[in-house]
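These notes are about the structure you will find just below.
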Amino acid sequence: MSGLSEIIDEVLSLVKTSRIFKDRKILLPDYVPDELPHREEQIRKLASILVQVYRGEKPSNVFIYGLTGTGKTAVTKFVLNNLHKRFPDTFRYIYVNTRNSDTPYRILADILEGLGVRVPFTGISTAELFKRLMSQLRSIKYVLIIVLDEIDAMVKKHGDDLLYRLTRVNSELGSPKISIIGITNDVKFIDTLDPRVKSSLSDEELVFPPYNADELRDILWRRAKSGFVEGAVGEDVISLCAALAARDHGDARRALDLLRVAGEIAEREGRNVVTTADVERARLEIERDRVFEIVTTLPLHSKLVLLAVIQGSKSGKSLTTGEVYELYTKLAKSLGLEVITQRRVSDILNELDMVGILSAKVVNRGRYGKTKEVKLAVPVETLVKALDSTVKELDGI
DNA sequence: CATCCACAGGAAGGACGGGGGT
DNA sequence: ACCCCCGTCCTTCCTGTGGATG
């Protein structure tokens, strides 16, 4: 029976002797490299729009589309970084990821914090925050570029009111001071916007096509050269990562994650070379972590609904909303819990679909009504592991 | 060809806990 | 101390719907 410190020593010695990574941070998803291959056209266009700031003038608003992992965020940060190095006094920029800050309140709070204003977590109204932002903006002398990454998520939940008000800030101030860069991975998104917002935000538009397998391979090679020790990864490993990610709509982030995690697996085992088997294991590990994170933070009744779906999926075929509800009701009652309504369960099923844990497709079965076909989208074992602790807690009741 | 199933999913709102302003 | 605002879950009530069936 070995103690914890022994285990740590053992892992450490393996990691020390392993020569896999030269500089691991280069392979992290938010690392912005100093060259972005296959995005030259987008870089040039974005730079030519934003370069206005050199005279202290406000650039046009920009709208950027492209699926996840197509380099939208990297290109935007890259261009802004470089521009800021060149013209440090004429403008500032604030980057807000709307997935993390997905309410108008949080977005405004993030912007204010970017301007150096401390704001309470909650408690005051959004209108009050907006007032504070306006008074802050009145005092600044530079151009402010606000990057709203993944705005589709926020707008879908809370409407485009905030966007509308942000686009009007300039006329309210009486002098043009802020530009907005909107980033979305939903191409149809812009059509759902208020026409006024739409025309204002999409002064300029940029499209980021997915990377193909060759481009992904090239990107991975470049990163691997500075991130990995020479000889640690071979052609086969890179190609597999590229192929897997290309299948997944050309997502470079995913390709890099696969490569990095595969490297970590090899490192943990004290090897000096990453194999294709490591990539395969990395794929499973990434999926497991994602599911685990999502499932453990689910509210109680969402977990119960998921358990009901697992129960009903034993035979492998799909369930209807009604069937899920029936199973859920039995489960909740057997635990002595209040049951929630079918309306709510219907929403929960959609939420679980959205995060990719199950698929809930709406189907019309004519005489037999309109319903959802619910199926698990991840292996049962993964879910069972993630729900394990919850089940134990519930058993305790 | 109308009907009618089994829900979908919008709208409005309420309880509640965390966190303000004054 | 008291009132206000927020997001999160949830309810109630509701109108809408594609296509197999009679």
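In what follows, every chain begins at residue 1, and chains take the letters A, B, ... in the order their sequences are listed. Predicted model, so just to flag it, every value in this text is computed and none were measured.
A donor-acceptor contact under 3.5 Å is formed by the side chain of R343(A) with the base of dG10(B).
For dG9(B), neither phosphate oxygen OP1 nor OP2 lies less than 4.0 angstrom from any side-chain nitrogen or oxygen of K370(A). The side chain of T126(A) contributes an N or O atom lying less than 4.0 Å from OP1 or OP2 of dC6(C). For the pair T341(A) and dT11(C), the criterion of a side-chain N or O lying under 4.0 Å from OP1 or OP2 is met. For dA6(B), the OP1/OP2 oxygens have no side-chain nitrogen or oxygen of T321(A) closer than 4.0 Å.
As rounded to whole Å, 10 Å separates atom P of dC10(C) from atom CG of D347(A). Summarising the geometry, the separation between NZ on K361(A) and P on dA8(B) is reported as 14 Å, rounded to the nearest angstrom. Rounded to an integer number of Å, the gap from L337(A) CG to dC9(C) C1' is 15 Å. Here dG14(B) presents its P atom at 18 Å from CZ of R344(A), a figure rounded to the nearest Å. Computed from coordinates, the E373(A) CD to dA8(B) P distance equals 12 Å when rounded to whole Å. Spacing between atom CD of E128(A) and atom C1' of dG19(B) amounts to 15 Å, rounded to whole angstrom units. As rounded to whole Å, 12 Å separates atom P of dC9(C) from atom NE2 of H301(A). With rounding to whole Å, L304(A) atom CG is found 14 Å from dC9(C) atom P.
Cation-pi contact between R39(A) and Y211(A): present, with separation from the ring centre below 6.0 Å and deviation from the ring axis of at most 45°.
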List, with names and distances, any nitrogen or oxygen atoms from the protein found under 3.5 Å away from nitrogen or oxygen atoms belonging to nucleotides 19-21 of chain C.
from: dA20(C); atom 1: O4'; to: R367(A); atom 2: N; distance (Å): 3.3

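Rounding to the nearest 0.5 Å gives a distance of 4.5 Å between CD of E351(A) and CZ of R344(A). Rounding to the nearest 0.5 Å places CG of L28(A) at 9.5 Å from CG of L256(A).
Looking at heavy atoms from C-beta onward, T76(A) lies out of side-chain contact with Y95(A) at the 4.5 angstrom threshold. Taking the side chain as every heavy atom from C-beta outward, K198(A) and F63(A) never approach each other to under 4.5 Å.
The nucleotide whose nearest atom lies closest to any side-chain atom of S346(A) is, among dG9(B), dA8(B), dC10(C), dA8(B).
Note: Y65(A) and F208(A) fail the aromatic proximity criterion, with ring centroids not under 6.0 Å apart.
The residue from T321(A), N350(A), D353(A) that alone fulfils the side-chain hydrogen bond (donor to acceptor under 3.5 Å, both in side chains) condition with K372(A) is N350(A).
V345(A) comes within 4.0 angstrom of no nucleic acid atom, judged by non-hydrogen atoms across all strands.
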